[in-house]
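Computation of the quantities below employed the complete heavy-atom set of this structure, encompassing side-chain atoms and omitting hydrogens, waters and symmetry-equivalent molecules.
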Amino acid sequence: MTQHNVEREEREEREEREEREEREEREDREKANVDIVLTAMRELFADKDLTAIDRYWAEPYIQHSPRMPNGLDTLRNIVPDLEGFSWEPQRTAAQGDLVFTHSIVHGWAPNPVAIVDIFRLDGGRIVEHWDVVQDLVSPAESVSGNPMV
């Protein structure tokens with residue numbers, strides 16, 4: 001084997017190792033982000049612990065939900081008044097700094113709803129939020145017969 005071939009093989013091995021390490025770091029970061037979102041939402045909405053906002057969210061907080069303005073004061077103001085609220089995440093996924101949850105939610109609307117929330121994190125803090133909200137329909141009421149969540 002020539003010196004050139006040895007160097008090429010070493011370079012390829014190094015590149016593969018670096019790619020593997022980068023992928024593992026990204027996966028670790030994504031898992032940590034999912035854990036942050038699940039903990040943050042549980043502590044704020046289930047436990048009604050307003051101090052969770054200071055631990056898990058950061059300003060400027062950008063809100064894309066059409067019924068809520070930007071900023072963390074909105075969360076501070078609505079959480080204490082939520083009656084019978086429950087957030088039941090059924091699925092989670094992460095891509096880079098985004099975390100997606102697919103949940104059944106009671107107490108946000110007059111009837112149960114299915115919500116897909118998308119959270120963007122920066123430095124381990126939630127800084128942006130989108131959501132898609134649908135009235136929850138039972139499989140028996142669905143044209144497909146499939147559950148929504």
Working to the nearest 0.5 Å, report the span between [atom1] of [X] and [atom2] of [Y].
X    : Y    : atom1 : atom2 : answer
E19  : E21  : CD    : CD    : 11.0 Å
I115 : M148 : CD1   : CE    : 10.5 Å
F119 : T92  : CZ    : OG1   : 11.0 Å
I78  : W108 : CD1   : CH2   : 3.5 Å

**Prompt:** Hey, are the side chains of Y56 and L44 touching, using non-hydrogen atoms and a 4.5 Å cut-off?
**Reply:**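 No; the side chains remain at least 4.5 Å from each other.
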
**Request:** Would you check if R76 and D54 make a side-chain contact, meaning some heavy-atom pair closer than 4.5 Å?
**Result:**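 R76 reaches D54 side chain to side chain.
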
Looking only at non-hydrogen atoms, find the nearest pair between [X] and [Y] and report the distance.
X    : Y    : answer
L136 : A114 : CD1-CB, 4.1 Å
I36  : G124 : CD1-O, 3.5 Å
D47  : E43  : CB-O, 3.2 Å
R55  : D49  : NH2-OD2, 3.0 Å
M68  : Q63  : O-CG, 3.4 Å
R125 : A58  : CB-CB, 3.8 Å

**Asked** Can R29 and D97 be said to form a side-chain contact (heavy atoms from CB on, under 4.5 Å), step by step?
**Response** CA-CA 8 Å; R29 215 173 22 255; D97 61 355; over 6 Å; no

**Asked** In terms of side-chain geometry, is the basic nitrogen of K31 or D28 positioned less than 4.0 Å from the acidic oxygen of its partner?
**Response**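 Salt bridge flag = no for D28 with K31.
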
**Item:** N/O donor-acceptor pair under 3.5 Å between Q90 side chain and S103 backbone
**Value:**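 Judged by distance alone, no pair lies under 3.5 Å.
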
Do [X] and [Y] belong together in a cluster built from hydrophobic side chains that touch within less than 4.5 Å?
X    : Y    : result
L75  : L82  : yes
L72  : L121 : yes
V133 : V79  : yes

**Message:** If you count heavy atoms of other groups shown closer than 6.0 angstrom to CD of Q95, is the number above 12?
**Reply:**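 Count not over threshold, so no.
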
**Asked** Name the one of T39, L38, V37 that satisfies side-chain contact (heavy atoms from CB on, under 4.5 Å) with M41?
**Response**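 So, applying the side-chain contact (heavy atoms from CB on, under 4.5 Å) to M41 and each of T39, L38, V37, only V37 qualifies.
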
**Prompt:** For the residue pair Y61 and H129, does the interplanar ring angle fall in the parallel (under 30°), tilted (30 to 60°) or perpendicular (over 60°) class?
**Reply:**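 Ring orientation, 0 to 90° scale: parallel.
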
